[in-house]
K.L.:
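Please read through the structure below; I'll follow up with questions.
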Amino acid sequence: MKKNSQRQLSTKGGDNFYHRIYGMVKVIPPGKVATYGQIAALAGSPRGARMVGWALHVLSDEQLVHTPWHRVINREGRISTTCFEHTCDEQALLLKKEGVIVRKSKGNYWIDLKQFQWKV
DNA sequence: CTTATGACTTTCA
DNA sequence: CTGAAAGCCATAA
């Protein structure tokens with residue numbers, strides 16, 4: 001039997017930590033933000049930051065409404081992908097409404113993690 | 001089943 | 001300090 005470097009049967013296990021990620025994101029209080037690594041660590045995978053991004057990426061529009069994905073940002077306290085589409089603008093707006101100070105710098109939004117990073 | 005890529009993070013030089 | 005590479009799990013082809 002070869003050692004599977006990558007899990008082909010990803011759907012195996014039943015309890016996908018995807019749902020855990022969603023739960024963590026939903027637990028983020030308003031006016032606070034969390035990083036992918038933080039959510040991943042809380043979800044049980046300290047290095048699963050990418051999965052957090054994927055998890056949010058695969059979320060349906062209706063799920064996005066129930067999930068404060070805008071409170072999830074990268075380690076720099078900045079929005080990833082250099083802003084996908086209008087989503088970044090919406091995120092910044094939502095965060096501002098919650099009281100989070102979002103600085104705009106050359107098309108990128110920066111958030112003060114020292115002040116707004118969600119701490120358990 | 002294998003290869004490649006991704007809303008990321010951390011470590012080494 | 002900056003830059004490059006590896007690591008991680010899952011999805012797509």
Side-chain angles (χ1 to χ4, degrees):
Chain A
M1 194 67 176
K2 273 186 178 178
K3 48 184 175 183
N4 298 332
S5 326
Q6 300 182 190
R7 284 187 179 178
Q8 286 83 265
L9 305 175
S10 49
T11 54
K12 191 178 71 173
D15 58 302
N16 300 339
F17 83 170
Y18 260 47
H19 293 243
R20 220 168 308 174
I21 293 171
Y22 300 146
M24 299 310 308
V25 176
K26 289 176 183 174
V27 173
I28 301 174
K32 294 284 180 177
V33 296
T35 65
Y36 295 104
Q38 173 146 16
I39 298 298
L42 292 172
S45 296
R47 272 77 188 180
R50 302 176 100 153
M51 271 56 269
V52 178
W54 269 107
L56 298 175
H57 180 70
V58 301
L59 275 178
S60 306
D61 294 349
E62 295 188 22
Q63 284 293 292
L64 289 172
V65 177
H66 298 287
T67 307
W69 68 272
H70 49 264
R71 293 181 194 146
V72 184
I73 52 184
N74 66 7
R75 249 310 183 193
E76 297 178 69
R78 176 162 51 104
I79 303 175
S80 322
T81 87
T82 318
C83 294
F84 241 99
E85 293 178 17
H86 61 280
T87 51
C88 68
D89 185 47
E90 201 170 289
Q91 174 182 46
L93 187 65
L94 289 167
L95 290 173
K96 286 180 182 177
K97 284 185 175 182
E98 293 181 355
V100 178
I101 299 175
V102 182
R103 297 187 315 189
K104 189 177 182 185
S105 178
K106 298 183 178 179
N108 285 314
Y109 295 93
W110 287 61
I111 299 168
D112 193 342
L113 290 176
K114 292 181 182 296
Q115 207 177 171
F116 297 107
Q117 184 168 54
W118 175 45
K119 295 165 191 172
V120 196

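Convention: sequence-line order gives letters A, B, ...; per-chain numbering from 1. This structure is a prediction, so every number in the text was calculated from the model and none was measured.
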K.L.:
Any heavy-atom pair between the side chains of Trp118(A) and Thr35(A) that's under 4.5 Å?
P.N.:
no

K.L.:
Rounded to whole Å, how long is the line connecting atom CD of Glu90(A) with atom P of dA7(B)?
P.N.:
19 Å

K.L.:
Does any part of the side chain of Arg71(A), heavy atoms only, come nearer than 4.5 Å to the side chain of Pro29(A), both counted from C-beta?
P.N.:
no

K.L.:
Any residue in residues 62-70 of chain A with a heavy atom nearer than 4.0 angstrom to DNA chain B? Just list them by number, or reply none.
P.N.:
Trp69(A)

K.L.:
Under the side-chain contact (heavy atoms from CB on, under 4.5 Å) criterion, do Tyr18(A) and Val58(A) qualify, and how do the steps go?
P.N.:
CA-CA 10 Å; Tyr18(A) 260 47; Val58(A) 301; 3.7 Å; yes

K.L.:
What is the distance, rounded to the nearest whole Å, between atom CG of Leu56(A) and atom P of dA10(C)?
P.N.:
15 Å

K.L.:
Would you kindly give the OH-to-P distance between Tyr109(A) and dA7(B), to the nearest whole Å?
P.N.:
19 Å

K.L.:
Between Trp69(A) and Gln63(A), is any pair of side-chain heavy atoms under 4.5 Å apart?
P.N.:
no

K.L.:
Counting the atoms with a prime plus P, OP1 and OP2 as sugar-phosphate, which does Gly37(A) contact under 4.0 Å by heavy atoms, base, sugar-phosphate, or nothing?
P.N.:
sugar-phosphate

K.L.:
Check the distance between dC8(B)'s C1' and Leu113(A)'s CG and give it to me in whole angstrom.
P.N.:
14 Å

K.L.:
Using a 4.5 Å cut-off on heavy atoms from C-beta on, say whether the side chain of Val52(A) contacts that of Gln38(A).
P.N.:
no

K.L.:
Which atom names give the shortest non-hydrogen contact between Asn74(A) and Leu113(A), and what distance separates them?
P.N.:
O-CD1, 4.5 Å

K.L.:
Defining pairs by Watson-Crick or G-U wobble geometry with both distances under 3.5 Å, how would you list the stems of DNA chain C with at least three pairs each?
P.N.:
B:2-6 with C:9-13, B:8-13 with C:2-7

K.L.:
Between dA7(B) atom P and Glu76(A) atom CD, what is the distance in whole Å?
P.N.:
15 Å

K.L.:
Can you name the closest pair of heavy atoms from Ile21(A) and Ala43(A) and give their distance?
P.N.:
CG1-CB, 4.0 Å

K.L.:
Which listed nucleotide (dA7(B), dT9(B), dC9(C)) is nearest to the side chain of His57(A)?
P.N.:
dA7(B)

K.L.:
Taking all non-hydrogen atoms of both residues into account, name the closest pair between Gly99(A) and Phe116(A) and its distance.
P.N.:
O-CE2, 3.6 Å

K.L.:
Nearest to the side chain of Tyr18(A), which nucleotide is it out of dC9(C), dG6(B), dT11(C)?
P.N.:
dT11(C)

K.L.:
Say you pick atom P in dT5(B) and the same atom in dA5(C); how far apart are they, in whole Å?
P.N.:
15 Å

K.L.:
When you get a sec, tell me which of dT9(B), dA7(B), dC9(C) is the closest nucleotide to the side chain of Asn74(A)?
P.N.:
dT9(B)

K.L.:
Just checking Lys97(A): does its NZ atom have more than 12 heavy atoms from other residues, nucleotides or ligands closer to it than 6.0 angstrom?
P.N.:
no

K.L.:
Rounding to a whole Å, what distance do you find between Ile21(A):CD1 and dT11(C):P?
P.N.:
10 Å

K.L.:
What heavy-atom pair brings Ala49(A) and Ala40(A) nearest, and what distance separates the two atoms?
P.N.:
N-CB, 3.6 Å

K.L.:
Rounding to an integer number of Å, can you tell me how far Ile79(A) CD1 sits from dG6(B) P?
P.N.:
20 Å

K.L.:
If only side-chain N and O atoms of Arg75(A) are considered, is one of them under 4.0 Å from the OP1 or OP2 phosphate oxygen of dT10(B)?
P.N.:
yes

K.L.:
Give the rounded distance in Å between these two atoms: CG of Leu59(A) and P of dA7(B).
P.N.:
15 Å

K.L.:
Quick check on DNA chain B: between Arg47(A) and Met51(A), whose nearest nucleotide comes earlier from the 5' end?
P.N.:
Met51(A)

